[in-house]
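Single-structure report; data block below.
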Amino acid sequence: MRIQLERRASHSQAMQYLSPIIAIGLSLVSFFIIFVLSGIDPLQALYIYFVEPLTAGWSIEDLLTKAAPIILIAIGLSFCYQSAVWNIGAEGQLAAGALAGSILPVLYPSLQGPWVLAAMMIMGVLGGMAYAAIPAILKIRFNANETLTTLMLVYVANLFLDYMARGPWRDPAGMNFPNSKPFEDGQLLPIIAGDTVRLSIVFMLAAVVIAWFLTSKTMTGFKIRVLGLSPRAGAFGGFSRNKMVMLTFLISGGLAGLAGICEVAGPIGLLRTTVSPGYGFTAIIVAFLGRLHPFGILVAGLLLALSYMGGEGAQVALGLSDQTTQVFQGMLLFYVLACDSFIYYRLRFVRDRSHEATAARVAS
Amino acid sequence: MFEGILLTIITAATPLLFAAIGELVAERSGVLNLGVEGMMAVGAVCGFAASNLTGNPLLGVLAAMIAGMLAASLFGIVALFFVANQNATGVALTLFGLGLSGLIGSAFVGVPGVPIPKVYIPGLSELPVVGTLVFGQDPFVYGAILLTIATWWFIFKTRGGLILRAVGDNAASAHALGFSVFRTRFLAVLFGGACAGIAGAYLSMVYTPQWTQAMTAGRGWIALALVVFASWLPGRLVIGALLFGAVSILQLHAQALGIGIPSQFLSMLPYIVTVIALVLISRNRALLSVNTPATLGRPFVPDT
């Protein structure tokens with residue numbers, strides 16, 4: 001007896017919502033097994049990972065702070081993935097945004113006034129957009145595979161960031177730390193709730209709502225989906241594939257850039273050699289886990305922000321490597337992708353080897 | 001001096017060649033596995049761990065191969081059996097592999113590696129110039145060359161290679177003829193995993209005999225670009241690997257010579273050159289389409 005997939009007559013609405021939940025469940029079970037194998041009390045470990053971060057008021061704030069950049073980036077990536085554009089270089093676009101947005105506070109530290117912060121944000125967005133435009137142009141003009149070019153550009157951007165933080169932009173009074181001078185008050189995102197929740201939360205919520213409106217209520221959203229599902233159908237409909245590639249790259253690069261400058265002008269407060277612990281890659285998982293839907297991404301982003309916090313807690317309490325979080329995230333993406341196939345397929349148990357029988361009939 | 005540089009170029013090219021030849025076979029079957037970086041990372045840490053624990057480098061290589069294949073089978077199950085999007089599954093494999101290697105490797109940070117002796121072919125390696133260059137390499141280098149020749153022979157001269165190409169070019173027809181698309185692709189992906197595992201082991205056991213987090217440093221992605229660069233032909237892969245090996249070695253030599261360029265810009269070179277190479281190759285669609293597996297990246301589910 002063999003097991004194989006069989007196409008469903010129509011896609012399963014139920015699985016569309018169940019799949020991420022099943023995937024999370026399977027990831028938790030796998031994590032449980034990993035903990036048992038490592039000789040760690042699995043229940044305590046899971047508690048530290050996924051419950052403890054939610055029990056204190058300050059940690060809810062921390063959760064929102066971590067989720068904001070991830071969700072911002074994932075919203076942008078969802079536009080790309082809906083139109084079958086494989087931008088996986090958001091981590092580099094984030095660095096570009098952080099760099100571009102830091103130009104004013106680093107070079108003109110005395111600049112003050114509300115417009116400075118606004119200008120920093122806009123420059124961050126433009127920086128991310130400009131960096132994302134490179135692979136977009138290479139794809140449109142030269143047919144270069146965007147998966148590979150965006151990834152290569154992550155390394156380039158991170159090395160450039162490293163150079164700037166250690167070299168020209170280093171704070172001369174900074175005791176030789178590879179940092180820029182700390183940003184002044186007027187160059188930092190204001191705290192709008194609690195002790196650490198900053199304005200970037202508003203940007204994130206706005207991005208979610210605007211993305212929802214764009215994808216479900218406008219012609220542009222419709223074009224993106226049609227071109228993603230079938231470039232040929234899109235072409236017959238008169239939609240330009242190239243324009244859509246550029247548009248989705250600019251949206252995702254701009255949001256990644258915004259996330260970058262929000263990190264620098266927010267929780268970090270200065271420019272340093274690394275500004276992101278892999279938010280650009282985590283956002284890929286969030287985009288898929290959230291069904292490429294803005295509200296799904298909001299929920300998925302909070303969950304993966306939780307895994308970052310749990311990872312930090314587990315490092316302290318259990319002495320676990322910080323890589324545990326990455327293992328969990330990678331595993332989760334595997335499970336989501338596998339479970340998603342049940343939206344369009346169902347499992348079938350084949351008793352006879354009908355396929356070989358057919359082949360024999362064809363041959364004879 | 002010149003000979004020394006050539007030697008280091010070959011050393012830098014070897015892991016790229018291993019990883020790329022495995023991916024070439026997978027792509028010939030129509031599967032785009034973007035998880036090379038992750039499989040290499042897992043291979044690097046398992047190879048290092050096994051050779052350290054046993055003191056036997058051969059067991060290290062074997063462990064790296066098996067680890068690479070296990071990682072590849074994860075990809076195979078999700079992308080081939082569950083017909084998930086291959087791009088996303090490959091990214092998942094890379095994230096998972098890099099994380100897992102960090103988890104396993106945390107116990108091996110700062111531990112010295114087991115030295116692998118170079119193989120000197122008696123008589124021949126004493127020849128001037130070509131002596132050590134051709135006949136005094138570590139066993140991996142010979143292995144990579146043999147593997148490339150064997151792969152070329154398999155793809156173009158055997159029935160198995162014909163099936164592989166048929167599945168990659170037209171999965172539906174191959175299926176109708178009675179060949180199992182799933183089995184062919186899964187085996188090709190496993191082969192890719194074994195090769196990536198060895199590539200990783202080379203980094204942690206020979207290239208820099210130690211383990212550090214993220215030591216693959218994007219070589220898996222460069223290997224993917226190399227396959228495009230070589231337009232899916234094993235012979236061109238050797239040239240490409242040497243070229244990219246040269247670029248990554250040049251930056252080290254430039255640093256050693258004290259050229260006044262900041263090290264970060266030199267370190268960018270391999271990635272920038274990869275992008276440029278991709279652009280130069282990809283702009284010529286006609287050249288590219290001759291050998292591109294026609295169903296590359298497209299999932300296949302038989303309608304039974």
Side-chain angles (χ1 to χ4, degrees), chain A residues 3-7 81 86 88 134-135 138 141-145 147-149 151-156 159-160 162-163 166-167 278 281-282 284-285 288 320-334 336-342 344-345 350 354-356 358-360 362-363, chain B residues 32 34 38 74-75 77-79 81-85 87-103 105-106 175-180 182 213 217-218 221-222 224-225 228 262-265 267-268 270-272 274-275 278-283 285 288 301-304:
Chain A
I3 310 167
Q4 66 181 44
L5 288 184
E6 183 186 56
R7 213 179 289 270
Y81 299 160
W86 292 100
I88 53 173
I134 300 172
L138 296 183
R141 286 264 321 184
F142 304 113
N143 188 34
N145 181 318
T147 321
L148 294 171
T149 52
L151 230 124
M152 291 295 118
L153 290 170
V154 171
Y155 291 92
V156 175
L159 284 164
F160 189 69
D162 188 83
Y163 164 73
R166 284 177 204 279
F281 296 110
T282 305
I284 299 172
I285 302 168
F288 279 99
L320 277 177
S321 159
D322 60 333
Q323 299 297 321
T324 322
T325 308
Q326 212 177 348
V327 174
F328 173 76
Q329 295 184 353
M331 206 157 58
L332 184 59
L333 184 51
F334 270 131
V336 175
L337 293 167
C339 292
D340 273 7
S341 79
F342 291 108
Y344 298 100
Y345 301 94
V350 188
S354 64
H355 162 58
E356 269 79 359
T358 321
V362 170
Chain B
L32 181 67
L34 295 180
L74 277 180
F75 174 89
I77 291 166
V78 177
F81 183 78
F82 287 106
V83 287
N85 181 294
N87 281 291
T89 312
V91 173
L93 180 56
T94 290
L95 294 175
F96 180 72
L98 286 173
L100 191 66
S101 74
L103 211 56
S106 54
H175 172 76
L177 286 171
F179 301 120
S180 170
F182 176 76
Q213 174 64 30
W221 299 102
I222 293 180
L224 276 159
V228 182
S263 66
Q264 291 95 339
F265 289 97
S267 305
M268 283 177 200
Y271 309 112
I272 294 175
T274 305
V275 171
L278 267 175
V279 167
L280 290 180
I281 298 295
S282 308
R283 63 191 300 193
R285 283 171 203 249
L288 203 63
V301 185
D303 283 317
T304 45

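Remember, predicted model here, so these are calculated numbers, not experimental data. Reckoned from all heavy atoms, side chains included, excluding hydrogens, waters and symmetry mates.
Taking the six-membered ring where the residue is Trp, A:F342 and B:F82 present perpendicular rings, their angle passing 60° and hence far from 30°.
Atoms CG and CZ, from B:L93 and A:F334 in turn, are 4.5 Å apart once rounded to the nearest 0.5 Å. For the atom pair A:F160 CZ and B:Q264 CD, the distance stands at 10.0 Å (nearest 0.5 Å). Residue B:L224 holds its CG atom at 8.0 Å from CE of A:M152, rounded to the nearest 0.5 Å. For the atom pair OH of A:Y155 and CD1 of B:I222, the computed distance is 8.0 Å after rounding to the nearest 0.5 Å. One finds the CG atom of B:L100 at 10.5 Å from the OG atom of A:S321 (value rounded to the nearest 0.5 Å).
Your options are B:G38, B:P270, B:G102, B:G105, and the one with the most heavy-atom pairs under 4.5 Å with chain A is B:G102. If you tally non-hydrogen atom pairs under 4.5 Å between each of A:L153, A:L332, A:L159 and chain B, the highest count goes to A:L159. Among A:V336, A:L333, A:D322, A:I284, the residue with the largest count of heavy-atom pairs under 4.5 Å with chain B is A:L333. Note on B:A88, B:S263, B:A225: by heavy-atom pairs under 4.5 Å with chain A, the leading option is B:A88. Per-residue heavy-atom pair counts under 4.5 Å with chain B were compared for A:N145, A:V156, A:T149, and the maximum is reached by A:V156. Comparing A:N143, A:L337, A:L148, A:V327 by heavy-atom pairs within less than 4.5 Å of chain B, the highest count is held by A:N143. Comparing B:G97, B:S106, B:G218, B:S101 by how many heavy-atom pairs each has under 4.5 Å with chain A, the most go to B:G218. Contact count versus chain B (heavy atoms, under 4.5 Å) is highest, among A:L138, A:T147, A:L151, for A:L151. When each of B:L103, B:V91, B:L74, B:L98 is scored by its heavy-atom pairs under 4.5 Å with chain A, the top score falls to B:L103. Options B:V275, B:I281, B:L280, B:T94 differ in how many heavy-atom pairs under 4.5 Å they form with chain A, and the most are formed by B:V275.
Residues A:I88 and B:W221 have side chains in contact (heavy-atom distance under 4.5 Å, counting atoms from C-beta outward).
Of the two parts of A:R166, only the side chain, counted from C-beta on, holds a non-hydrogen atom closer than 4.5 Å to a non-hydrogen atom of chain B. At a 4.5 Å heavy-atom cutoff, the contact between A:F288 and chain B is made by side-chain atoms alone. Within the 4.5 angstrom heavy-atom criterion, only side-chain atoms of A:I285, from C-beta onward, approach chain B. Using a 4.5 Å cut-off between heavy atoms, B:A79 does not touch chain A at all. At a 4.5 Å heavy-atom cutoff, the contact between B:T274 and chain A is made by side-chain atoms alone. Only the side chain of A:Y345 has a heavy atom closer than 4.5 Å to any heavy atom of chain B. Both the backbone and the side chain of A:T324 come within less than 4.5 Å of a heavy atom of chain B.
The shortest heavy-atom contact between A:L5 and B:F81 is CD1-O, 3.0 Å. For the residue pair B:P262 and A:Y163, the shortest heavy atom distance occurs at CG-CE1, 3.4 Å. Considering all non-hydrogen atoms of both residues, B:V78 and A:A338 come closest at CG1-N, 4.0 Å.
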- [ ] Tell me, with the steps shown, if A:Q326 and B:L95 meet side-chain contact (heavy atoms from CB on, under 4.5 Å).
- [x] CA-CA 7 Å; A:Q326 212 177 348; B:L95 294 175; 4.2 Å; yes
TODO: Using the side-chain contact (heavy atoms from CB on, under 4.5 Å) rule, take A:Y344 and B:V301 through it: C-alpha gap first, then chi angles, then the decisive distance, then the call.
DONE: CA-CA 11 Å; A:Y344 298 100; B:V301 185; over 6 Å; no
